[in-house]
There are 2 protein chains.
Amino acid sequence: MEASIESGRAGQRPAIAEVLRESIRQGMLAPGQPLIQASIAEAMGVSRIPVREALHALAAEGLVTFGEDGGARVTALAPEEVDELWTLRALLESHMAPAIVRTATPADVDALRELVAAMDDLEATAWSDRNFSFHQELHRLAEMPHFADATGRVLTMIEPYSRVAVSVLQEQSEAQAEHHQMIEALAAEDSDELARLLLHHSHRARKALLAYAAETAKPVDPQAVATAAARSLADHLGA
Amino acid sequence: MEASIESGRAGQRPAIAEVLRESIRQGMLAPGQPLIQASIAEAMGVSRIPVREALHALAAEGLVTFGEDGGARVTALAPEEVDELWTLRALLESHMAPAIVRTATPADVDALRELVAAMDDLEATAWSDRNFSFHQELHRLAEMPHFADATGRVLTMIEPYSRVAVSVLQEQSEAQAEHHQMIEALAAEDSDELARLLLHHSHRARKALLAYAAETAKPVDPQAVATAAARSLADHLGA
DNA sequence: AGAGAATACAGTGTATACACTTAAATGTAA
DNA sequence: TTACATTTAAGTGTATACACTGTATTCTCT
């Protein structure tokens, strides 16, 4: 995704788009929720102008959708769309495997190993956060900025939905086991194995998510897992 | 890409982002060119506010880059980036082949065949326009909106650079021949062949572009192919 | 009470105005 | 002429203000 330094000149500001993007990714702002410009502006202590700019940027990223009435909402994905995005993620991520193996230094591998080890016994929310970082770090190693960018975008879009799966199923432990395998494949410089693992990683998670969606009434509802703190922010921003 | 109807409420406006996106894609606004808000606003007959929103949206799409000084410019890609994007395009496009074959109706195929036939003897600029439409149409048929979106984004980003190759090399006739083959593969419902052709299509074009870049001093300079009319618009918008 | 008209409200879109920053142009002294 | 200080201009960032639109609410009349 974009560099975190939003602008040199006005750079000391907390970067409105960044805050909204993270809030959406972490599920604090649930899919479908209206994003009222004035509320966000007040919450952030700025006028509506920079808020509008952030919303337009996020809309271009696909995280926000402007309705016909002009109102912005957190993009809500249909199950088929989530499915498609998981497929896209699998394709992009597995394609980066050779580059990752090629450019990763032993120090990189160690850092990743440590990161994954630190995730072993985290609860769902904290684990999801680290999980996102782990994959982003992997992408960064490939030194393919546009692949990483596209993949990061997709990861961000599906994250609210992934979190449902992580919190509900035994998904977390399986994914975590695969993370360890990925580190070993990386250490062994086995790019085919890494690609295979990344493909499998996505496909399994995708299937788990869809299975969960199928067996519950309200198919995919990240709102349900929003934390209490998250809810209060969401309520503050909501209509 | 986003739906063309930018907004219901203020929808009758010519959609500023749209105009800028097209201008960049077609090379009227050359990579690296400064995008002065006030100039664009005046040229479009609006204030800077909606212009800024458009620029932020385009920045999120990667077509525009905000410098450290806050100024926006048309994104200029390094040769490695163009190379990477061609690879990305090949990957995405070829992956859509089975879905395209699956969902295309005979009427769709006929329409595409006609479109391609109409391109046979066009000069470079007009051909490039139709070429873009042809591929977009192909993506649309796959009924995979997020794949199509990502691919369209990439196509747009590399378009100014592709045009250089089309105008300088015999690229156009080779690409056109491949287009005809794609139609036949599609008509024969041979998705493997279609995927192969799409891969080859990108890889060959990519190599041709890089070869051209290597043998010229100024590696990739789309400015050189901007038409006279384009230049005047660019100059008007430029600093 | 219920249907329809009039009003108030909530929200967006955007033009204007002003503060701030950087870089260029100008002027001045050695 | 060159180096340095000063002013000017060009550009951006954003707060405020106002116009517009749809929706809910209230009021009125039957």
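Lettering of chains follows the sequences in order, A, B, ..., and the numbering in each one begins at 1. Please read all numbers here as calculations on a predicted model, not as lab measurements. For the numbers below, each heavy atom of this structure counts, side chains included, while hydrogens, waters and symmetry mates do not.
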Produce the list of close N/O pairs, under 3.5 Å, pairing protein atoms with atoms of nucleotides 8-10 of chain C; give distances to one decimal.
none

Pairs: protein N or O with nucleotides 15-17 of chain D N or O, under 3.5 Å:
{"residue": "D:dA15", "atom": "OP2", "partner": "A:Ser47", "partner atom": "N", "Å": "2.1"}
{"residue": "D:dA15", "atom": "OP2", "partner": "A:Ser47", "partner atom": "OG", "Å": "2.7"}

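Counting to the nearest Å, the C1' atom of C:dG11 and the CD atom of A:Glu68 are 17 Å from each other. Between the CZ atom of A:Arg73 and the P atom of C:dG11 there is a distance of 12 Å, rounded to whole Å. As a whole-Å value, the separation of A:Glu53 CD from D:dG13 C1' is 8 Å. Rounded to an integer number of Å, the gap from CD1 of B:Ile36 to P of D:dG11 is 5 Å. What separates CD of B:Glu42 from P of C:dT14 is a distance of 18 Å, to the nearest Å.
Fit an axis to the five pairs at each end of the helix from C:dA1-D:dT30 to C:dA30-D:dT1 and the two axes sit 20° apart, to the nearest 10 degrees.
At the phosphate of C:dG13, OP1 or OP2 sits under 4.0 Å from a side-chain N or O atom of A:Arg52. Phosphate contact (OP1/OP2 of D:dG13, side-chain N/O of B:Gln37, threshold under 4.0 Å): present.
Among A:Glu84, A:Glu81, A:Arg153, the one residue that satisfies the side chain to side chain donor-acceptor pair (under 3.5 Å) test with B:His146 is A:Glu81.
In this structure, OG1 in A:Thr75 is found 12.5 Å from CD in A:Gln33, a value given to the nearest 0.5 Å.
Taking A:His95 as the reference, A:Phe147 meet the ring pair (Phe, Tyr, Trp, His ring centres under 6.0 Å) condition, with sequence neighbours excluded. Partners of A:Glu114 according to the salt bridge (charged side-chain N to carboxylate O under 4.0 Å, His left out) rule, which considers only residues two or more places apart in sequence or in another chain, do not exist here. Evaluation of the side chain to side chain donor-acceptor pair (under 3.5 Å) rule for B:Glu143 yields no partner, not counting sequence neighbours.
For B:Asp83 and B:Lys207, the salt-bridge test fails: no basic side-chain N is under 4.0 Å from an acidic carboxylate O.
Side chain of B:Thr103 to main chain of B:Leu141: a donor-acceptor pair is present (N/O by atom type, distance under 3.5 Å, no hydrogens or angles).
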